[in-house]
Amino acid sequence: MSALIAYMRGSGTELSGKVTAFPASPISLSMSRALAILKDVFGYHAFRGRQAEIIDHVADGGDSLVLMPTGGGKSLCYQIPALLRQRAGQGTGIVVSPLIALMQDQVAALTEAGVHAAVLNSTLTSAEASAVERDLLAGRIEILYVAPERLMTPRFLDLLERARVGLFAIDEAHCVSQWGHDFRPEYIQLSVLHERFPSVPRIALTATADAVTRDEIIERLALDEAQVFISSFDRPNIRYRIVEKDNARQQLLAFIKAEHMGTGGSHDSGIVYCLSRKKVEETASWLASHGIRALGYHAGMDAQVRQHHQARFREEEGIVMVATIAFGMGIDKPDVRFVAHLDLPKSMEGYYQETGRAGRDGLPANAWMAYGLGDVVQQKRMIDESEADDAHKRVSSSKLDALLGLCETPGCRRVRILAYFEESAEPCGNCDTCLEPPATWDGTREAQMALSCVYRTAQASRVHFGATHLIDVLRGNASEKVRQWGHDKVSTFGIGADRSVSDWHAIFRQLIAHGLLVIDHGGHGALLLGDSARAVLKGEQSITLRRQVSKPARGGDRAARGSRTDHTADMDIDTLANWEALRRWRTEAAREHGVPAYVIFHDATLAELARSAPDTLGALAEVPGIGASKLERYGDDILETLRAVS
Ligand code: ADP
Ligand code: ZN
């Protein structure tokens with residue numbers, strides 16, 4: 001089996017031919033059926049990553065826990081076994097999911113693909129719900145999505161006992177974790193499934209990586225016998241970039257314009273995260289006044305407006321959602337091309353989860369963040385002012401430090417991120433520091449100046465000061481505050497006059513990231529000497545700093561152009577005409593069917609159609625993403641649309 005799996009990991013198209021020419025192979029019957037479903041229903045040619053192993057295990061009746069990053073392809077891991085088992089008479093696949101919008105999208109997509117799928121949640125009328133229940137009892141449903149609170153009612157559990165259940169899939173399984181941010185009390189009760197239906201296999205899935213959450217899922221869902229499948233958490237299609245903040249709004253606009261503008265003023269879908277509600281609103285309207293279709297989203301907004309914005313983001317193309325982290329779970333939109341942070345998140349977990357919403361479809365996407373010293377001070381203040389106990393504050397601080405380390409690293413960002421999740425990696429070639437390695441310089445002397453300035457001013461005044469004031473002292477700027485404290489008399493006054501304010505900011509940030517300076521508790525950004533500062537001051541340790549990246553020329557510099565995610569970037573004129581005609585057709589079809597455009601076809605499928613311009617149904621069927629049902633439903637329309645172009 002394993003040789004076969006390794007074999008099946010090969011790239012798509014070459015594989016489909018080989019598998020059919022592989023009759024005497026050790027391929028199990030269930031695996032060849034799984035491949036047939038992959039092709040016929042979903043239109044794909046090969047399994048990705050560990051999908052084949054997982055599907056084999058689940059279809060065979062084993063329990064499993066699947067940890068896979070967002071966009072890794074978790075859905076197929078339960079959808080295909082569900083279909084295999086249902087078609088073998090073993091019963092309906094029941095999928096538990098906490099997210100109504102996501103369930104609806106999945107059911108819409110499965111229905112488009114010709115699967116008998118249904119959903120049971122609070123949006124249904126009781127007549128609709130009864131109809132679904134009747135279909136379930138009659139064995140007419142292949143995959144049923146159920147909200148956990150519905151599933152756990154005694155009535156529904158009784159109903160399940162009268163129906164045939166082929167498997168339980170528990171999506172977003174980290175919702176059982178009481179310490180996580182997505183805790184759902186109903187999830188705790190899901191262990192009942194195992195007690196009442198001991199012979200039905202269960203598959204729990206999550207994109208949350210850490211070991212604590214993993215153990216908690218195993219314990220709470222009684223999955224001790226389950227096989228655990230851990231995939232790499234790398235998201236190779238996401239390009240990470242962290243820039244120094246210098247008028248962040250302008251930088252954001254320049255970034256969107258340089259990398260996410262398409263032809264004719266349209267732009268990609270993206271998410272911009274801000275910390276405060278006020279900033280969300282200001283940024284959204286400012287972007288809108290600069291020609292970006294931006295909408296706001298935060299918890300303080302009128303619920304209806306918020307929902308309306310979310311629906312538009314989901315259904316329309318090219319909307320930029322400016323949001324607080326309240327805009328989080330349930331964003332299943334596969335074609336989010338960028339996630340931008342105008343404020344520093346709280347932790348690496350937060351950063352990775354938020355940026356992970358870009359590029360679920362596997363196509364190139366950008367994670368872009370503007371950060372400055374003010375962000376660190378602000379986050380630190382939020383920690384200090386929170387109600388949490390000291391132990392919790394310490395954990396929060398160290399999480400923030402890890403993120404700071406990422407911002408200031410001269411090495412590969414991806415290596416740093418993955419290391420945080422205990423995964424080792426090679427420099428990726430797809431982050432800012434890999435693409436344009438920052439120069440480093442020996443900053444020992446400047447570090448000594450800064451550290452001794454911290455020491456001298458504190459010694460003179462018996463209180464500690466923040467970076468802005470310290471920089472004034474270093475540069476010999478006799479501001480009112482400097483004179484007031486008599487800091488124009490300390491020995492470090494003016495010793496760093498040959499460096500600019502922004503140079504000094506960069507130096508201070510890095511000293512904090514290296515732990516040589518520590519931000520004081522108490523919320524005003526005052527800096528104290530860290531434990532290791534002594535060795536530097538005494539000249540026992542030298543310090544290498546990262547040179548500030550000079551600001552790129554406005555608009556499309558070389559690096560920017562290289563990372564364009566616009567599908568049209570390298571299309572010739574004929575392909576472009578096809579693409580535009582297909583997009584118009586897709587918008588129309590989506591409207592007719594009442595589903596988001598990506599439920600009809602993903603951009604990648606559309607781009608491939610535009611490029612290869614198939615002129616027969618047979619050729620059309622070879623394009624990844626076109627299964628039998630979609631071929632039947634849309635094949636003729638597509639051929640006609642393409643013919644009308646030429
Ligand atoms: P997750 O739930 O892990 O975030 P999804 O199940 O939504 O990921 O899959 C992400 C995308 O990858 C979807 O667009 C899906 O159609 C696509 N995908 C999944 N498996 C394959 C495969 N074997 N070949 C091609 N595309 C795939
Ligand atoms: Zn890299």
Side-chain angles (χ1 to χ4, degrees), residues 5 8-13 15-16 34-35 37-39 41-55 66-80 95 97 99 102-103 105-106 109-110 112-113 169 171-173 203 205-209 229 231-242 329-336 353 356-363 365 367 406 409-419 425-438 563 596 598-605 608 623-627 630:
I5 286 159
M8 285 191 301
R9 282 184 190 153
S11 73
T13 32
L15 192 72
S16 61
L35 274 168
I37 291 179
L38 182 70
K39 175 75 183 74
V41 177
F42 299 96
Y44 298 134
H45 300 272
F47 287 115
R48 267 191 199 161
R50 307 192 70 181
Q51 279 176 334
E53 284 172 82
I54 298 166
I55 289 168
V66 171
L67 297 104
M68 208 184 260
T70 309
K74 284 185 286 300
S75 319
L76 292 187
C77 295
Y78 59 81
Q79 288 169 346
I80 291 182
V95 184
S97 167
L99 309 162
L102 197 143
M103 285 197 254
D105 267 13
Q106 295 261 16
L110 285 169
E112 285 288 323
D171 205 3
E172 313 288 348
I203 168 172
L205 310 104
T206 179
T208 302
F229 296 90
S231 303
S232 164
F233 268 73
D234 188 17
R235 298 287 310 280
N237 59 316
I238 298 182
R239 173 172 293 183
Y240 298 96
R241 199 160 350 153
I242 301 176
M329 280 191 72
I331 311 165
D332 198 25
K333 194 174 166 62
D335 56 353
V336 175
Q353 193 173 50
R357 297 188 176 122
R360 290 179 73 120
D361 53 12
L363 298 171
L406 172 72
T409 183
C412 171
R413 309 270 191 208
R414 194 179 311 272
V415 165
R416 191 93 186 195
I417 295 170
L418 291 174
E426 294 296 314
C428 71
N430 192 28
C431 70
D432 53 358
T433 52
C434 279
L435 290 165
E436 296 186 312
S563 70
Y598 57 79
V599 166
I600 307 277
F601 285 119
H602 283 184
D603 282 357
T605 303
E608 185 48 37
V623 174
I626 303 190
K630 290 197 178 174

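Excluded from the calculations below are hydrogen atoms, water molecules and symmetry mates; all remaining heavy atoms, backbone and side chain alike, are included. Counting convention: from 1, in listed order, for ligands and their atoms alike.
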key: Pi-cation contact, F601 with K630 (under 6.0 Å, within 45°)   = yes
ask   = Is the shortest N/O to N/O distance between A46 and ligand 1 below 3.5 Å?
value = yes
message = Just to confirm my output: which protein heavy-atom neighbour is closest to atom 6 (O) of ligand 1, and how far is it?
response = S75 OG, 2.6 Å
inquiry  = For ligand 1, which is the ligand I care about here, please tell me if G71 has any N or O atom under 3.5 Å from one of the ligand's N or O atoms.
reply    = yes
ask   = Nearest non-hydrogen atom to atom 24 (N) of ligand 1 belongs to which of F47, Y44, F42, Y78?
value = Y44
inquiry  = So, taking the atom named SG in C412 and the one named CG in L418, what distance separates them when rounded to the nearest 0.5 Å?
reply    = 8.0 Å
message = Just to check, does P334 reach to within less than 4.0 Å of ligand 1 when the distance is taken from its heavy atoms?
response = no
message = Quick check on contacts: which atoms of ligand 1 are under 4.0 angstrom from a heavy atom of T70?
response = 4 (O)
query = When you measure from atom 27 (C) of ligand 1 to each heavy atom in E172, H45, R360, R48, which option holds the nearest one?
reply = R48
remark   = Of M68, K74, Q51, Q106, the residue with the heavy atom nearest atom 3 (O) of ligand 1 is K74
query = Do the charged groups of R413 and D432 touch, with an N to O distance under 4.0 Å?
reply = yes
query = Who's the nearest protein heavy-atom neighbour of atom 8 (O) of ligand 1, and how far?
reply = G73 N, 3.2 Å
ask   = Side chains of Y78 and D171: closer than 4.5 Å at any heavy-atom pair?
value = yes
query = Where the Zn ion (ligand 2) is the centre, what is the SG-to-SG angle for C428 and C412, rounded to 10°?
reply = 100°
Atom indices of ligand 1 within 4.0 angstrom of L76 heavy atoms, with elements = 19 (C), 20 (N), 21 (C)
query = What distance separates L67 CG from K74 NZ, expressed to the nearest 0.5 Å?
reply = 9.0 Å
ask   = Below 4.0 Å from any atom of ligand 1, is there a heavy atom belonging to P69?
value = yes
key: T409 side chain near V415 side chain, heavy-atom distance below 4.5 Å   = no
query = Roughly how far, to the nearest 0.5 Å, is the CG atom of L435 from the OH atom of Y240?
reply = 13.5 Å
query = Quick check: does H602 get an N/O under 3.5 Å from an N/O on ligand 1?
reply = yes
request  = Evaluate the criterion side chain to side chain contact (heavy atoms under 4.5 Å, CB included) for residue pair H45 and K39; output intermediate values, then yes/no.
outcome  = CA-CA 6 Å; H45 300 272; K39 175 75 183 74; 3.6 Å; yes
query = At what distance, to the nearest 0.5 angstrom, does CG of L363 lie from CG of D603?
reply = 7.0 Å
